[in-house]
There are 2 protein chains.
Amino acid sequence: MTDQVEGASHRPPPVHTHPDDVPLLTALSALADPVRIQLIRDLASRPDWALSCSNFDVPVGRAAKSHHFSVLRDAGLVEQRDQGAKRLNRLRREEFDARFPGLLDLTLRPDVTE
Amino acid sequence: MTDQVEGASHRPPPVHTHPDDVPLLTALSALADPVRIQLIRDLASRPDWALSCSNFDVPVGRAAKSHHFSVLRDAGLVEQRDQGAKRLNRLRREEFDARFPGLLDLTLRPDVTE
DNA sequence: CTCAGTGTTCGATGGCCATCGTACAGTGCT
DNA sequence: AGCACTGTACGATGGCCATCGAACACTGAG
């Protein structure tokens, strides 16, 4: 029925951590990984909620990918929303930037990769 | 004689990497460590060349400390200069900030530690 | 209901890294 | 020369983490 009101989701929604509750060390550790940097950049190149987890092109299996998204959620970098079987993603640009000014911009700059 | 000209140092000078040659991932990995963050903060709280390696109050032995300074050098964060038996340190504020704007400021902010 | 697709969880594994103790090399002082 | 101090190099160790395969749960479609 494509019902938006009677959600009745029989699946635990993803647990999020707000950037304001994230220690600096956690944020830096989350960003200090090539796969996660790639995920963030891919995410930034598309509109919010445009990509589900399986749409990301990274050289790891589903299990590892799921793990990486968990790390990104805990670091306040990514928000997830369930829609059907898919789990849609959004980069928490403004909130994360308010907590760690400039850090996300730095990560998204293509020239610092060398 | 406390000669400044006839240095004749029989010791290999420390190898440095300029921040411009440092990939983002290297910089983030270097900063994603509690001991190194402490070293950087201690360094920032004193004038340039004021501290030798042994002066830092970090809960690790000499060997580990030496390793950490090596990592910081490779990440373009610290410059070292030999003076006698001591090895003096300087935080490469401007150069590093030119390459990764805001990253060092973020690391030095005391409130993001939580 | 069955099936294909999506994502999480679990246990196991391999590798990287922070740390330590020790030995060693310079340096300056007596 | 002898000594105390500073820092590095080396080998070993322990722990953490990224990854995988497999099993499982949920979803929407046929």
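Just so it is clear: chains get the letters A, B, ... in the order the sequence lines come, proteins before strands, and each one is counted from 1.
Rounded to a whole Å, the CZ atom of B:Arg11 is 13 Å from the C1' atom of C:dC24. Atom-to-atom, CD of B:Gln80 to C1' of D:dG7 comes out at 10 Å; the value is rounded to the nearest Å. In this structure, CG of A:Leu28 is placed 15 Å from P of D:dC17, rounded to the nearest angstrom. For A:Lys86 and C:dG7, the NZ to C1' distance is 12 Å, given to the nearest whole Å. Across the protein-nucleic acid pair, B:Arg36 atom CZ and C:dT19 atom C1' stand 12 Å apart, rounded to whole Å. The distance from atom CZ of B:Arg73 to atom P of D:dG7 is 12 Å, rounded to the nearest whole Å. Taking atom CZ on A:Phe69 and atom P on C:dT9, their separation rounds to 14 Å, with Å as the unit. Atoms CG (B:Asp74) and C1' (C:dC17) sit 14 Å apart, rounded to a whole Å.
Listed for the A:Arg81 side chain is no donor-acceptor partner under 3.5 Å among the backbone atoms of A:Arg90. In this structure, the side chain of A:Thr107 engages the main chain of A:Leu103 through a donor-acceptor pair within 3.5 Å. Side-chain N or O atoms of B:Arg99 include none that pairs as donor or acceptor with a backbone N or O of B:Leu24 at under 3.5 Å.
In terms of heavy-atom proximity, B:Lys65 sits nearest to B:Ser54 at NZ-O, 4.0 Å.
Heavy atoms of B:Arg62 sit under 4.0 angstrom from at least one base atom. Among the protein residues, B:Asp82 comes within range of no part of the nucleic acid, since none of its heavy atoms lies under 4.0 Å from any strand. No engagement by A:Ser70 is indicated, since no non-hydrogen atom pair under 4.0 Å with the nucleic acid exists.
Close to C:dT27, at under 4.0 Å from its OP1 or OP2, lies a side-chain N or O of B:Ser9. Within the 4.0 Å cut-off from OP1 or OP2 of D:dT6, not a single side-chain nitrogen or oxygen of B:Ser52 is found. Side-chain N/O atoms of A:Arg87 include one lying less than 4.0 angstrom from OP1 or OP2 on C:dT8. Contact check, A:Ser66 against C:dT9: no side-chain N or O comes under 4.0 Å of OP1 or OP2. OP1 and OP2 of C:dG7 both lie 4.0 Å or more from every side-chain N or O belonging to A:His67.
Among the nucleotides D:dT8, C:dT19, D:dA18, the one closest to the side chain of A:His68 is D:dA18. Among the nucleotides D:dA18, D:dC20, C:dT19, the one closest to any side-chain atom of A:Asp33 is D:dA18.
Under the 3.5 Å distance criterion, with hydrogens and angles disregarded, no donor-acceptor pair is assigned to the side chains of B:Asp42 and B:Ser45.
Residue-to-nucleotide proximity on DNA chain C shows that, of B:Val71 and B:Ala63, the 5′-proximal contact is made by B:Val71. In this structure, A:Gly61 and B:Cys53 both approach DNA chain D, and ranking their closest nucleotides by distance from the 5' end singles out B:Cys53.
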